Amino acid sequence: MSARNIFTRPARLAAIAPYGWMVLFFLVPFGFVLKLSLSQVANAQPPYLPVFDLGAGWQALVAAVSALSLDNFRLLLSDNLYLSSGLRSLTVAATATALLLAIGYPIAYAMSRLPRRWQPLAMILVIVPFWTSFLIRVYAWINILQHDGLLNQVLLTLHIVSEPVVWLSTDTAMYIGMVYSYLPFMILPLYATLSKLDPALLEAAADLGASPLQSFWRVTLPLSLPGIRAGALLCFIPLVGEFVIPDLLAGSDSLMIGQTLWLEFFTNRDWPVAAATAVMLLAILLLPLVIYDRFQRRQMVRS
Amino acid sequence: MSGRRFAAMSRFNVVSLALGFAFLYLPIVILVIYSFNASQLVTVWGGWSLRWYTAFFNDEAMLAAAATSLRVAAVSATLAAVLGTLAALALVRGERFKGRTLFSGMLYAPLVMPEVITGLSLLLLFVALGAERGFWTVTIAHTTLTMCFVAVIVQSRLGSIDRSLEEAAMDLGCGPVKAFVAVTLPLIAPAIAAGWMLAFTLSLDDLVIASFTTGPGSATLPIRIYSEVRLGVKPEINAICALIIGAVTLAIVTASLAAKLSSRRGGNAAPM
């Protein structure tokens, strides 16, 4: 028996505690969300009907299951608020991801061209803002973007505008906040693939007569596709469910789905509808994940 | 010819780096500068002053929230470091076991899961269990989220360690557990420390999950800051933010210095 085999057993034992923890605190709660999304409000207070009581026997369980209803989902589909907030989430997240890519790529590219010894420092400089609080980063932009904030002061002093521009509570402010908060998530995967790029490939392209733009388009960009996909996914998915940034920076006339869920839960106190919204949000998120998985598999088949 | 082309390229690179880092750091710098503003109006500069820091240290509710946040962060980061390390061990070293796919799925999902979903689902669990909401429910919620980050960090470190070291220790008569404690644990310790720090800051940072899972009397700092920020910009909030930024910067500088020292002594520092 080799040493390796002896070692796998304790390693398997190591799985027990974290496994149990994640089942109890991650997997099981989803069951509750699903169940509640099919329940009806009873006095707007928990417990919600139907209550599952395993002690009451099979008959009672069957009765409880048949009492579940799709009413919440019917509401979600019939009321424009939910569909439009779902749609807005997708378009906002897609737009923000495209902006992040456009802004993050040149930065990641430049980082990968730095002299080797400077690269770790550049990486730390990208990561540090990620360690400072999310809320603080959004708040920093409220400071700058508010009516008499620094941006308007600068613009007025330079006579670029004649009166203060409304920045706060607009989509522009929201996109600035999103790009600012998620930029490290885009830069790091891009940098990881770009820094592994063999410079000899670019030299070969140049020797064969390609202009820098051509060799970028035909060598660098295709080779960095895995980083682009990882970065896009890493930004897109949390952005769809984003709450804090649209809540603090965007206007209140159209909501993202995360805000709708928050509103249903904290303001309307309609837990079943909030749960149904959560299920809808999950369904929306599964789509890009499945597409990404397809991509990965096709790539594996190809190589 | 090609030399000039590359020079032009690198000018573009220099500009994008300069603009990129300015974009990342200017808002934070501005925020910190305004925290020293003597004026009551955030946007009018009234000279340097520490009055908003004094205001924070006299704000009982804010201080209580800060204390709650620090306690939650310390306890949840420690739990997350233990559980995350165990999870990483199981994933890297426990080749195959039943439900491995589900296990890794559960560990990666919270990394990208919208916080509103995680928060709502945990709240429903706590309600179903009849748990009183407060310090422990927030701590458990944060542990669940942050242990996944620890697992990812420790996992990448474990994967890069030469396994023959452990095998050598076992050949020399160590049991697997002793070989782990004597050989592997010191090697992955920097990664565990980095994971603990990340877990701590993530917990300190979280607004959404804490809002769902907290109860009366244990509002965390982000919850308090959020309710103030919704009402508008306040210089005192700038001061609190500046303090947090200072603490985080100090921690990162210390950590990277420690990593540098240990790598000079011949050990391998974990990339953060």
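Reminder, nothing fancy here: chain letters follow the sequence lines and each chain counts from 1. Bear in mind that the values here come from a model prediction, so they are computed numbers and not experimental data.
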Which atoms of [X] come close to chain B, meaning under 4.5 Å heavy atom to heavy atom: side chain ones, backbone ones, both, or neither?
X: Phe243(A); result: side chain
X: Val28(A); result: side chain
X: Leu125(A); result: both
X: Leu285(A); result: side chain
X: Leu261(A); result: side chain
X: Val23(A); result: both
X: Val279(A); result: neither
X: Leu183(A); result: side chain
X: Leu114(A); result: side chain
X: Phe185(A); result: neither

For chain A, which of [options] has the most heavy-atom pairs under 4.5 Å?
options: Leu204(B), Leu145(B), Ile240(B), Thr201(B); value: Thr201(B)
options: Ala128(B), Pro222(B), Pro110(B); value: Pro110(B)
options: Leu26(B), Thr143(B), Val82(B), Thr118(B); value: Thr143(B)
options: Thr85(B), Leu123(B), Leu207(B); value: Leu123(B)

- prompt: If you look at every heavy atom in Leu135(A) and Asp205(B), which pair is closest and at what distance?
  reply: N-OD1, 3.8 Å
task: For Tyr139(A) and Lys234(B), work out which heavy atoms get closest and say how close.
output: OH-O, 2.9 Å
Interchain contact, [X] with chain A, by part (heavy-atom threshold 4.5 Å):
X: Ile140(B); value: both
X: Tyr226(B); value: both
X: Thr144(B); value: both
X: Met106(B); value: both
X: Leu198(B); value: both
X: Thr249(B); value: neither

- prompt: Between Phe265(A) and Phe212(B), how do the two ring planes meet: parallel, tilted or perpendicular, split at 30° and 60°?
  reply: tilted
Below 4.5 Å, heavy atoms only, C-beta onward: do [X] and [Y] meet side chain to side chain?
X: Val116(B); Y: Leu281(A); result: yes
X: Leu107(B); Y: Phe26(A); result: no
X: Glu115(B); Y: Glu242(A); result: no

query: Of the options Leu83(B), Leu91(B), Val150(B), which is the one that meets Pro18(A) in a side-chain contact (heavy atoms from CB on, under 4.5 Å)?
result: Leu83(B)
[atom1]/[X] to [atom2]/[Y] distance, rounded to the nearest 0.5 angstrom?
X: Met111(A); Y: Phe21(B); atom1: CE; atom2: CZ; value: 5.5 Å
X: Asn13(B); Y: Ser112(A); atom1: CG; atom2: OG; value: 7.5 Å
X: Ile33(B); Y: Asn143(A); atom1: CD1; atom2: CG; value: 11.5 Å

